[in-house]
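The block underneath contains the structure these notes are about, expressed in structure tokens.
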There are 2 protein chains.
Amino acid sequence: MKPGDFPILRGGNAPPSGAKGTLGEVRDEFVAQWGAIGSAWGINRTMAQIHALLLAAPQPMSTDEIMDDLHISRGNANTNLRDLVGWGLVRSVVRKGERREYFEAEKDVWKMFGIIVRERRRREITPAVEALHRCATRAEGLRGTEAEEFRRMLASLEEFLQLAGGVMDKVVHAGQGAVVPWALRLLK
Amino acid sequence: MKPGDFPILRGGNAPPSGAKGTLGEVRDEFVAQWGAIGSAWGINRTMAQIHALLLAAPQPMSTDEIMDDLHISRGNANTNLRDLVGWGLVRSVVRKGERREYFEAEKDVWKMFGIIVRERRRREITPAVEALHRCATRAEGLRGTEAEEFRRMLASLEEFLQLAGGVMDKVVHAGQGAVVPWALRLLK
DNA sequence: CGAAACTTTCAGTTTATTCTGAAACATCAG
DNA sequence: CTGATGTTTCAGAATAAACTGAAAGTTTCG
């Protein structure tokens with residue numbers, strides 16, 4: 001992002017960052033920041049902004065409210081909402097007597113990061129381990145010092161990723177109660 | 001990637017994936033796969049391919065060798081090599097009596113992932129914690145149930161990220177010897 | 001059925017990222 | 001200094017990712 005460009009904010013530019021603000025202003029700030037953070041995490045900015053908006057919203061919001069708040073098109077809002085629902089970070093809720101869909105974010109932080117960790121495991125670790133394993137299989141019969149060294153490298157990459165994947169699984173399945181004490185112990 | 005395009009491979013297309021291959025072929029396969037994996041990790045493909053090439057290479061390689069192997073331009077090779085050196089994943093070495101620079105990858109897997117974890121911490125966790133903290137500060141004085149709920153959410157996001165960052169630090173600094181036993185204990 | 005309310009899709013556009021290739025720059029040997 | 005060798009930079013081209021807006025699709029209700 002070039003200097004001079006700013007994330008979209010409802011109602012104009014950000015106030016000086018030390019200042020206090022109204023609840024609405026701080027929410028907007030949060031939405032903008034979370035959008036930027038999302039980019040760094042490899043999540044597209046709009047998706048992260050919608051997520052932030054719903055995290056900060058006191059009640060579920062409709063597609064149109066989200067469109068208005070973020071100044072995005074219907075198609076964009078729809079696609080990203082579907083993706084968020086697909087990930088499990090957002091649920092759709094129906095109010096009785098209304099046809100319109102409303103959306104609310106999963107607000108339990110632990111569950112939320114659990115979902116993100118699971119997704120990352122699925123996208124980053126699993127395919128890597130599989131690819132390495134295929135290479136290792138194909139390298140099995142090769143002779144010579146060089147080949148052995150190469151195989152050793154493949155094996156240690158795979159081993160590391162297996163370990164990392166295992167830890168991620170555990171974090172996802174064990175939940176807050178089990179992992180926090182472990183983490184604190186590690187940090188002590 | 002459109003159908004019909006394939007990741008660049010020295011000497012032609014990939015053989016059927018179950019087959020064994022010569023050392024050269026398997027190395028090429030590894031380079032192509034690691035490039036794809038890099039994309040999933042948010043690293044650009046060329047950078048990941050160069051890294052893989054150097055990981056798999058028995059000796060340091062020059063810029064020209066890398067260009068030829070991957071069919072990429074000098075500018076591209078140079079930029080990505082600089083970035084890899086900047087991260088610490090690759091070192092440049094000079095052979096005595098030669099002016100040309102050669103490059104070799106850090107081959108200790110533990111160090112390598114340590115570098116990646118540190119970088120991710122720096123890019124993904126630190127700015128997020130800072131942004132959340134700024135929001136929390138600005139929300140400090142706000143009254144009302146809604147505001148309290150919002151503050152609680154900010155606080156729990158921040159707390160979680162602090163914890164994650166701490167674990168990442170520990171993993172980076174403690175090294176293999178200290179972390180593996182902990183990880184295994186967690187998994188048991 | 002038919003119109004209203006709402007959602008989904010997608011071709012075309014915009015924006016962001018990555019790559020090329022050639023020129024500028026640096027260093028060394030003679 | 002001068003030519004040879006090697007490295008860096010960067011404007012413009014190519015590619016990839018995200019977004020728009022309008023049309024098509026779906027559901028509900030009178």
Side-chain angles (χ1 to χ4, degrees), chain A residues 1-8 32 34-53 60-87 90-103 123, chain B residues 1-8 35-36 38-51 53 60-87 90-103 123:
Chain A
M1 191 162 65
K2 293 195 297 278
D5 293 340
F6 290 96
I8 293 157
W34 198 248
I37 291 164
S39 298
W41 286 58
I43 291 162
N44 93 42
R45 193 164 56 235
T46 304
M47 186 163 152
Q49 283 180 332
I50 294 177
H51 184 220
L53 191 58
M61 296 177 72
S62 70
T63 303
D64 289 73
E65 287 170 321
I66 292 167
M67 286 166 55
D68 289 351
D69 254 356
L70 300 179
H71 302 306
I72 60 176
S73 72
R74 186 171 298 284
N76 194 9
N78 183 261
T79 306
N80 283 298
L81 278 167
R82 290 304 134 211
D83 287 350
L84 283 166
V85 171
W87 279 39
V90 165
R91 278 180 296 276
S92 88
V93 298
V94 267
R95 293 185 183 160
K96 42 184 175 179
E98 281 219 62
R99 287 183 55 190
R100 186 186 312 228
E101 263 189 299
Y102 288 80
F103 298 92
R123 294 194 305 176
Chain B
M1 191 163 67
K2 293 194 298 276
D5 294 339
F6 291 95
I8 293 154
S39 297
W41 286 57
I43 292 162
N44 94 41
R45 196 170 51 239
T46 305
M47 186 162 152
Q49 283 179 333
I50 294 176
H51 184 220
L53 191 58
M61 296 176 72
S62 69
T63 302
D64 290 73
E65 288 170 323
I66 292 167
M67 286 166 56
D68 290 351
D69 254 358
L70 300 178
H71 302 308
I72 60 175
S73 72
R74 186 171 299 282
N76 195 9
N78 183 261
T79 306
N80 283 298
L81 278 167
R82 290 304 135 209
D83 286 352
L84 283 166
V85 171
W87 280 39
V90 165
R91 278 181 296 276
S92 90
V93 298
V94 267
R95 293 184 182 161
K96 41 184 176 181
E98 281 219 61
R99 287 181 54 191
R100 186 186 310 228
E101 264 189 300
Y102 288 81
F103 298 92
R123 294 195 306 177

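Letters A, B, ... are given to chains in the order of the sequence lines, protein chains preceding strands, and every chain is numbered from 1.
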Check: Counting just side-chain N and O atoms, does A:N78 come under 4.0 Å of either OP1 or OP2 of C:dT7?
Finding: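 Answer is no, no contact under 4.0 Å.
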
| message | Is the phosphate of C:dT18 approached by B:N80 (side-chain N or O, under 4.0 Å from OP1 or OP2)? | response |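 Checking C:dT18 against B:N80, no side-chain N or O comes under 4.0 Å of OP1 or OP2.
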
Sequence neighbours excluded, the answer for side-chain contact (heavy atoms from CB on, under 4.5 Å) partners of A:T79 is A:D83

Discussion item. The criterion is side-chain contact (heavy atoms from CB on, under 4.5 Å); which residues satisfy it with B:V85, sequence neighbours excluded?
Written reply: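 With neighbours one apart ignored, the set is B:V90, B:F103.
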
Check the distance between [N]'s [atom2] and [X]'s [atom1] and give it to me in whole angstrom.
{"X": "B:R100", "N": "C:dT27", "atom1": "CZ", "atom2": "P", "result": "18 Å"}
{"X": "A:E65", "N": "C:dT7", "atom1": "CD", "atom2": "P", "result": "12 Å"}
{"X": "A:M67", "N": "C:dT8", "atom1": "CE", "atom2": "C1'", "result": "13 Å"}
{"X": "B:D83", "N": "C:dT18", "atom1": "CG", "atom2": "P", "result": "10 Å"}
{"X": "A:N44", "N": "C:dA16", "atom1": "CG", "atom2": "P", "result": "13 Å"}
{"X": "A:R45", "N": "C:dT14", "atom1": "CZ", "atom2": "P", "result": "18 Å"}
{"X": "B:I43", "N": "C:dT17", "atom1": "CD1", "atom2": "P", "result": "16 Å"}

How about A:E101 and A:T63: do any of their side-chain heavy atoms sit closer than 4.5 Å?
no

Once base and sugar-phosphate atoms are separated, protein heavy atoms under 4.0 Å mark nucleotides 20-30 of chain D, 5' to 3', with B, S and - as BB-----BB--

Looking only at C:dC19, D:dT8, D:dT7, the nucleotide nearest the B:R82 side chain is D:dT8

>> The side chain of B:E101 is closest to which nucleotide in this list: C:dC6, D:dT7, C:dC19?
In response: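 When the side chain of B:E101 is considered, D:dT7 is the closest of C:dC6, D:dT7, C:dC19.
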
Residue set satisfying salt bridge (Lys or Arg N to Asp or Glu O under 4.0 Å) with B:R91, at least two apart, ordered chain then number -> B:E104, B:E106

A:N78: which residues meet the side-chain hydrogen bond (donor to acceptor under 3.5 Å, both in side chains) condition with it, sequence neighbours left out?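 With neighbours one apart ignored, the set is empty.
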
Could you pull out every donor-acceptor pair under 3.5 Å between side chains of residues 34-42 of chain A and any protein atom, sequence neighbours left out?
{"unit_1": "A:S39", "atom_1": "OG", "unit_2": "A:G35", "atom_2": "O", "d": "3.4"}
{"unit_1": "A:W41", "atom_1": "NE1", "unit_2": "B:E124", "atom_2": "O", "d": "3.2"}

